Amino acid sequence: MTTPQQPASTSDAPWPVRVVSQKIGAWIGKLGWIWVDGQVAQITRRPGTNTVFLTLRDPSADLSLTVTTNRDVVDLGAPGLADGARIVVHARPEFYAARGSLSLRADEIRQVGLGELLARLEQVKKLLAAEGLFDRARKRRLPFLPGRVGLITGRASAAERDVLTNARRRWPTVEFRVINVAVQGPSAVPQIVDALAVLDRDETIDVIVLARGGGSTEDLLPFSDEALCRAVFACRTPVVSAVGHETDIPLVDFVADVRASTPTDAAKRIVPDLNDELRLIGQAKQRLDRALRGLLDREQHRLDALRSRPSIARPLTMVDTRAAEVVALRDRATRNLSHRLDRAGTELAHTLARLRTLSPSATLQRGYAIVQREDGTVVRSPADVSVKDQLRIRLAEGELAATVDG
């Protein structure tokens, strides 16, 4: 069995809870009187006593403190105080050691006026603008046809009905994921921020819509909260702000990717109108038809022009012309050849006649003879032969053999 390890020295010895509570109370008591700004989440007036308990909430965080004060303080500084009001209290922090809780004891309460609220909003606006949260260059385009739309709005509100009804009227198959939150009061900002985070993590959501109907400046304060503006800026999904009416411009309008003047306007921006798209498709089809018909007409004209050319319209004309030329050339060549042959025949006949006239055969036909010796030598004179020489006598119709007698 093991025993607990003892402190090494008296300085490391554990403190009793009572001592710790006393020291915390003493440290908090040193804060003195301070001014605290917040939103009233709850007012409790106990019957028979002058004590009033307020739950003061930070609109930008899930944090609240209890404020204890006198009924006269409330009636004097903030008459008609109600839940959701923005107040400033002059209070002293108190730590109750017995319960370990922190509260404020107030001796003065001031309800924040509209002018002061607007001045604070202007300071926040300048701060966010200086950090680039309003920069147009970072704003994203909405998808032409989102597969699914995330909607953050009040439960059963007119804004929810306007967005769903008008969007489905424009594009009947659009899908929504609706998260209902408080859109005013001390719990509005944390709920809206949480809803934004949930929808931004949803991979099926293509666009997020923040929608709320009109109201007073105080009612719309959550949509000018710095924490909400930063949450919208941090979203990866495009955000559409549709808060209030045309004249209402909370700070989230400047941070969102698209500002819609009303929830109905948001429905028109997130989905296209089916009838308009069908009409545009019909117009585009008509333009394509006209363009195609024009192209076909131009090409038909070109074909007609080509077909009207003589070489295309009467392609055999050129062949017939060339064939006629070939026939004419052939006839001329035949005539030239016949003429040359006739002339050559005539010349040949004349030459033959001259040859026949000059030929020894012609002389023989006239009764002459050619006497030759045995060696074929022509005898021209009697002295060319001797007695008993054999001779050949060529006549027109043959030869004779002879012997020289003397």
Side-chain angles (χ1 to χ4, degrees), residues 28 31 33-47 49-96 99-114 116-118 120-121 124 152-157 159 179-198 210 212-213 215-232 243-244 250-252:
I28 292 176
L31 293 177
W33 292 89
I34 55 176
W35 287 98
V36 181
D37 176 21
Q39 193 171 25
V40 178
Q42 184 179 4
I43 304 176
T44 304
R45 293 182 172 89
R46 293 185 177 179
T49 65
N50 288 330
T51 304
V52 178
F53 296 94
L54 306 175
T55 300
L56 195 63
R57 188 181 185 88
D58 188 335
S60 301
D62 190 10
L63 181 65
S64 60
L65 284 175
T66 301
V67 180
T68 305
T69 187
N70 190 277
R71 184 185 299 270
D72 295 336
V73 173
V74 176
D75 294 340
L76 179 63
L81 186 64
D83 292 350
R86 194 72 174 264
I87 61 174
V88 176
V89 299
H90 187 251
R92 181 184 181 88
E94 293 182 347
F95 182 75
Y96 294 90
R99 297 194 301 268
S101 61
L102 177 67
S103 64
L104 300 174
R105 176 169 294 278
D107 64 354
E108 185 177 353
I109 296 178
R110 298 177 185 175
Q111 190 162 0
V112 177
L114 179 60
E116 187 174 354
L117 283 176
L118 294 178
R120 293 185 181 181
L121 292 181
V124 175
I152 302 174
T153 186
R155 184 180 303 277
S157 62
I179 298 181
N180 295 121
V181 297
V183 291
Q184 68 183 59
S187 61
V189 173
Q191 291 186 22
I192 296 174
V193 171
D194 291 342
L196 277 172
V198 170
L210 293 176
R212 187 203 190 283
S216 64
T217 303
E218 292 84 353
D219 294 337
L220 300 180
L221 276 180
F223 295 93
S224 293
D225 187 85
E226 181 179 352
L228 177 58
C229 291
R230 295 188 182 278
V232 170
V243 179
L251 294 185
V252 74

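All values derive from a computational prediction rather than experimental measurement.
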Checklist entry - What are the two closest non-hydrogen atoms of D72 and N70, and how far apart are they? => result N-OD1, 2.8 Å
Checklist outcome for this item: Looking only at heavy atoms, the pair that brings F223 and V243 closest together is CD2-CG2, 3.6 Å
Next on the checklist: Checking V193 now: which residues fulfil side-chain contact (heavy atoms from CB on, under 4.5 Å) with it, not counting sequence neighbours?
Outcome noted: V189, L228, A231
Checklist entry - Residues two or more places apart in sequence or in another chain: which of them pass side-chain contact (heavy atoms from CB on, under 4.5 Å) with V181? => result I152, I179, V183, Q191, I192, A195
Item to check | Validation row: I43, V74 side chains within 4.5 angstrom (heavy atoms) | outcome: no
Item to check | From OG (S103) to CD1 (I28), nearest 0.5 Å | outcome: 9.5 Å
Next on the checklist: Between N180 and T153, is there a side-chain heavy-atom distance shorter than 4.5 Å?
Outcome noted: yes
Item to check | Criterion side chain to side chain contact (heavy atoms under 4.5 Å, CB included) on V89 and L56, from CA distance to verdict | outcome: CA-CA 10 Å; V89 299; L56 195 63; 4.1 Å; yes
Checklist outcome for this item: Sorted by chain and number, sequence neighbours left out, side-chain contact (heavy atoms from CB on, under 4.5 Å) with L104 holds for V36, L65, V67, A91, P93
Item to check | Smallest separation among heavy atoms of S187 and P190, with atom names | outcome: O-CD, 3.5 Å
Checklist entry - Which word best sums up how the rings of H90 and W35 line up, parallel for under 30°, tilted for 30 to 60°, or perpendicular for over 60°? => result tilted
Next on the checklist: Main chain of A41, side chain of T55: is a donor-acceptor contact present, judged purely on distance under 3.5 Å?
Outcome noted: no
Checklist entry - Considering residues at least two apart in sequence or located in another chain, which fulfil the salt bridge (charged side-chain N to carboxylate O under 4.0 Å, His left out) criterion with R71? => result none
Next on the checklist: Quick check: closest heavy atoms across R105 and W33, and the distance to 0.1 Å?
Outcome noted: O-CZ3, 3.4 Å
Checklist entry - salt bridge (charged side-chain N to carboxylate O under 4.0 Å, His left out) with R230: which residues, sequence neighbours excluded? => result E131, E226
Checklist outcome for this item: Separation between CG (L251) and CG (L220), nearest 0.5 Å, reads 11.0 Å
Checklist entry - OG of S101 to CD of E94: how many Å apart, nearest 0.5 Å? => result 10.0 Å
Item to check | Test side-chain hydrogen bond (donor to acceptor under 3.5 Å, both in side chains) applied to S224 - qualifying residues, sequence neighbours left out | outcome: none
Checklist entry - Where do G213 and A159 come nearest, in terms of heavy atoms and distance? => result N-CB, 3.8 Å
Item to check | Distance-minimising heavy-atom pair for L54 and I87 | outcome: CD1-CD1, 4.2 Å
